[in-house]
Amino acid sequence: MSDADASNIVIDKGQSKLSDLWTKEDYWAIWLGLALIVAAIFLFLVNPPADYRQKIDKANAVMAAEAQRAPFKTIAWYKAQDDKSRIRARDSAMGKAIAGIMKTPEGWVSNPLDSFAVSKADADAKAAANADRAASSKAAAETALAAAVAAEKAAGDAVFADASLNADAQAKIAQWRAAAAKAKSAADKAKSSPFNLMTSLPLVMVAGGLLFAIGMKAMGRDVPRFLLGFVGVFAVACLAFMMGQQSTMKYWGVGAEAWAIIIGMVIANTVGTPRWMHPALQVEFFIKTGLVLLGAEVLFDKIVAIGVPGIFMTWVGTPIVLIGTYIFGQRVLRLHSKTLNIVICADMSVCGTSAAIATAAACRAKKEELTLAIGLSLVFTAIMMIAMPAFIKAVGMPQVLAGAWMGGTIDATGAVAAAGAFLGETALHVAATIKMIQNVLIGVVAFGVAVYWTTRVETSVGNTASVTDIWHRFPKFVLGFLGVSILFSVISGSLGPDMGQALLDQGVIRGLTSPARNWFFCLAFAAIGLETNFRELAHYLQGGKALVLYVVGQTFNLVMALSLAYLMFYVLFPEITAKI
Amino acid sequence: MRRTLAGRVASLFLSIAVLWALFFGVGPLLVASLPALRHYGEVQDIYGIRSGQLYYTDVETSQMAEMNSRHTWRFTPRGPDGAH
């Protein structure tokens with residue numbers, strides 16, 4: 001690796017000394033991430049409300065009784081599940097206050113300023129405009145519920161022994177669920193309230209700037225210049241959040257992170273990134289800290305959420321696609337850059353951008369390689385999230401098979417959920433669950449790639465492979481990422497799925513660590529864009545090998561995921577499939 | 001080749017114009033002409049999904065999806081005789 005290349009990688013290389021603990025970026029990423037995690041644990045996990053357990057037990061008792069009463073999910077079964085989903089630690093007064101501060105720019109249609117502030121008069125006007133629709137949706141949901149109640153009663157009167165009455169009740173219940181979701185969405189729109197992010201965004205900027213400034217100071221960097229530049233990077237991140245929230249972006253799957261790169265690149269390659277912003281282009285520091293926080297979201301107990309079919313599809317199928325495509329890239333395409341190869345493979349086979357970030361940091365990929373992998377993923381996600389549901393609908397594929405197929409193949413998690421919702425609630429639930437289990441795989445992939453790179457790839461260019469050398473080169477923040485993941489998985493497992501969801505998932509994670517991680521990743525992508533030169537990026541596109549790699553890998557992925565989904569859900573576990 | 005300040009500013013505005021035309025001109029035209037795309041946007045609004053979201057914890061509805069999948073195994077509806 002040349003000196004020029006070495007200065008352009010995602011993580012640094014160091015010699016291990018005790019002082020590394022307070023002078024190296026990898027460790028500071030761990031300390032800052034841990035500081036936020038500890039704060040979140042104190043806020044949401046310590047002293048949970050006493051009635052949570054009671055409410056959960058009550059809902060579980062209803063579901064257990066209903067499962068014994070009827071051979072399908074009844075109205076009471078679903079209502080008990082809905083009650084459980086409303087038990088959320090982040091709904092506390094403190095949780096709501098934090099959510100108010102951490103808020104990113106909101107949705108808008110034609111006026112970008114609506115993303116940052118809406119007055120009371122405008123909010124009232126918006127609510128009034130949506131009131132009629134909310135009322136009619138509510139009435140439709142009530143009608144659907146009445147029909148579902150009548151159909152379920154008819155099936156019950158026949159002691160659930162009449163298959164046609166059971167099927168009719170199931171269909172009516174599904175219609176009620178769809179109508180209820182629509183009514184809830186309409187009601188939310190009719191409750192539009194005023195907000196002004198001009199007070200909270202500066203707070204986030206100051207808090208974020210000071211947090212990273214602690215690390216910058218300890219690492220001997222110029223803090224005042226960093227803070228000045230941070231204002232500019234933060235402004236780009238805010239613009240990116242705003243653009244990602246524009247109402248038409250949902251059709252193309254372009255979120256804040258992609259916009260951060262686009263806006264940054266436009267600035268860098270036209271007027272040029274202002275010099276005063278350069279000290280704050282700390283891509284690695286932002287990414288590594290975000291990844292340590294992401295570790296809290298990699299909960300290994302999630303892999304059993306949909307039983308053996310989900311584990312097999314994601315934890316057997318996905319690694320085969322990842323490794324198979326990587327070997328294809330090295331042996332057949334003979335890609336010059338192994339790091340570009342593995343980042344594209346992880347991006348395509350695991351879960352898009354988040355997997356690309358974790359893998360790129362673990363194998364010291366160049367910023368341009370990460371940008372290229374994300375760009376490829378964005379383009380193919382936009383195509384697949386629209387083409388796959390259309391194809392599935394045309395061929396009449398069952399919703400469970402369709403959901404599992406899309407969950408295992410479409411890169412971005414939001415796009416998977418959207419494509420599933422296009423087909424119906426069952427497809428949405430299966431697709432989102434399969435993707436969630438696949439999301440968890442990024443912990444193993446990042447760690448595996450870091451180990452492989454340190455012990456095999458980097459030794460092949462002349463480095464010795466003694467244990468000490470491996471430790472010197474190993475990206476330490478990966479240990480923080482994995483350590484946090486293991487710690488949270490243990491906590492989640494000991495709390496059990498219900499309390500784990502209420503306190504960890506809907507408290508510690510979605511209450512604080514996940515919003516913070518979102519900000520850090522957006523800052524990182526803004527910095528990547530502001531540092532990226534179009535000409536350097538074009539160099540990686542030459543020959544089209546990256547594109548061929550992605551297309552071949554994704555084709556393999558599509559075949560593998562469909563085969564495994566059919567085998568698991570329709571050959572080996574059809575009884576569970578029938579109940580989903 | 002170094003560009004002049006005017007050239008760089010012009011390319012900035014040109015980039016903004018191209019992006020604006022793509023996302024606010026061509027995009028809405030495509031959506032208006034394809035009913036399937038409109039349905040795609042509607043379901044995202046109903047379930048509170050944004051197709052650009054990165055991770056499962058960003059997608060609010062993933063909680064309900066996980067619950068539903070987990071409960072299907074945990075409280076599998078079997079009926080009065082357990083044979084259905």
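Every chain is numbered from 1, with letters handed out A, B, ... down the list of sequences.
Distance check, rounded to the nearest 0.5 Å: OG1 of A:T426 to CG of B:N68 gives 7.5 Å. Rounding to the nearest 0.5 Å places CE of B:M64 at 3.5 Å from OG of A:S85.
Ionic pairing of A:K182 and B:D45 is not present here: no N-O contact between side-chain nitrogen and carboxylate oxygen is shorter than 4.0 angstrom. The residues A:D498 and B:R70 are annotated as not salt-bridged, no charged nitrogen and carboxylate oxygen being separated by less than 4.0 angstrom. Salt-bridge annotation for B:E60 and A:R88: present, with a side-chain N of the basic residue lying under 4.0 Å from a carboxylate O of the acidic one.
Only the side chain of B:L30 comes within less than 4.5 Å of a heavy atom of chain A; its backbone N, CA, C and O stay farther away. Contacts between B:E66 and chain A at a heavy-atom distance below 4.5 Å involve backbone atoms as well as side-chain atoms. With a threshold of 4.5 angstrom between heavy atoms, B:I46 approaches chain A through its backbone and through its side chain. Only the side chain of A:I442 comes within contact range of chain B, with heavy atoms under 4.5 Å apart. Contacts between B:F13 and chain A at a heavy-atom distance below 4.5 Å are absent for every atom of the residue. Contacts of B:T57 with chain A are made by both backbone and side-chain atoms, with heavy-atom separations under 4.5 Å. Within the 4.5 angstrom heavy-atom criterion, atoms from both the backbone and the side chain of A:N439 approach chain B. Proximity to chain A is absent for every atom of B:L34, based on heavy atoms less than 4.5 angstrom apart. Neither the backbone nor the side chain of B:E42 comes within contact range of chain A; no heavy atoms are under 4.5 Å apart. Of the two parts of B:Y47, only the side chain, counted from C-beta on, holds a non-hydrogen atom closer than 4.5 Å to a non-hydrogen atom of chain A.
With respect to chain B, the highest number of heavy-atom pairs below 4.5 Å among A:A70, A:G414, A:A382, A:A418 belongs to A:G414. Interface summary for chain B: among A:V254, A:N518, A:I509, A:V440, the most heavy-atom pairs under 4.5 angstrom belong to A:N518. Between chain B and the residues A:Q438, A:K184, A:Q506, the most heavy-atom pairs under 4.5 angstrom are made by A:Q506. By number of non-hydrogen pairs under 4.5 angstrom with chain B, the leading residue of A:K393, A:M249, A:E575 is A:M249. The most heavy-atom pairs under 4.5 Å with chain B, out of A:A390, A:S247, A:P497, come from A:P497. Per-residue heavy-atom pair counts under 4.5 Å with chain B were compared for A:A412, A:A417, A:S354, and the maximum is reached by A:A417.
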| message | As a quick check of understanding, evaluate side chain to side chain contact (heavy atoms under 4.5 Å, CB included) for B:T72 and A:K73, giving each step before the final call. | response | CA-CA 9 Å; B:T72 303; A:K73 291 173 185 170; 2.8 Å; yes
| query | side chain to side chain contact (heavy atoms under 4.5 Å, CB included) between A:M436 and B:Y55: does it pass, once the steps are laid out? | reply | CA-CA 8 Å; A:M436 178 191 73; B:Y55 202 68; over 6 Å; no
| field | Residues A:E66, B:F75; criterion side chain to side chain contact (heavy atoms under 4.5 Å, CB included); working and verdict | value | CA-CA 8 Å; A:E66 289 298 301; B:F75 305 108; over 6 Å; no
| Do B:F23 and A:W259 pass the ring pair (Phe, Tyr, Trp, His ring centres under 6.0 Å) test, and can you show the C-alpha distance, the side-chain angles, and the key distance before you say yes or no? | CA-CA 12 Å; B:F23 286 104; A:W259 270 110; 5.1 Å; yes
| task | Walk me through it: do A:K84 and B:H71 pass the test side chain to side chain donor-acceptor pair (under 3.5 Å)? | result | CA-CA 11 Å; A:K84 257 169 88 171; B:H71 289 157; 2.8 Å; yes
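Here the side chains of B:L37 and A:W252 are in contact, with some heavy-atom distance below 4.5 Å. Side-chain contact between A:T413 and B:Q53 is absent, with no heavy atoms from C-beta onward closer than 4.5 Å. Residues A:R69 and B:P80 fail the side-chain proximity criterion, which asks for heavy atoms closer than 4.5 Å. Residues A:Q246 and B:F24 are in side-chain contact: their nearest non-hydrogen atoms beyond the backbone lie under 4.5 Å apart. B:I49 places a side-chain heavy atom less than 4.5 Å from the side chain of A:L428. Put simply, the side chain of A:E425 does not reach to within 4.5 Å of the side chain of B:T61, judged on heavy atoms. Side-chain contact between B:R78 and A:Q68 is absent, with no heavy atoms from C-beta onward closer than 4.5 Å. A heavy-atom distance below 4.5 Å is not found between the side chains of B:M67 and A:H429.
The closest donor-acceptor contact from the side chain of B:S69 to the backbone of A:I306 lies at 3.5 Å or more, if one exists at all. A donor-acceptor pair under 3.5 Å is absent between the side-chain atoms of A:Y251 and the main chain of B:V31, judged by distance alone. The main-chain N or O of A:G244 is found under 3.5 Å from a side-chain atom of B:R50 such that the two form a donor-acceptor pair.
The only member of A:T433, A:L299, A:V416 that meets side chain to side chain contact (heavy atoms under 4.5 Å, CB included) when paired with B:Y56 is A:L299.
Other residues, nucleotides and ligands contribute only 12 or fewer heavy atoms inside 6.0 Å of the CZ atom of A:F391. The number of heavy-atom neighbours closer than 6.0 Å to CZ of A:R133, taken from other residues, nucleotides and ligands shown, is 12 or below.
Neither side chain, A:K435 nor B:S62, offers a donor N or O lying under 3.5 Å from an acceptor on the other.
Within the structure, no pair that satisfies the side-chain hydrogen bond (donor to acceptor under 3.5 Å, both in side chains) test touches residues 15-38 of chain B, not counting sequence neighbours.
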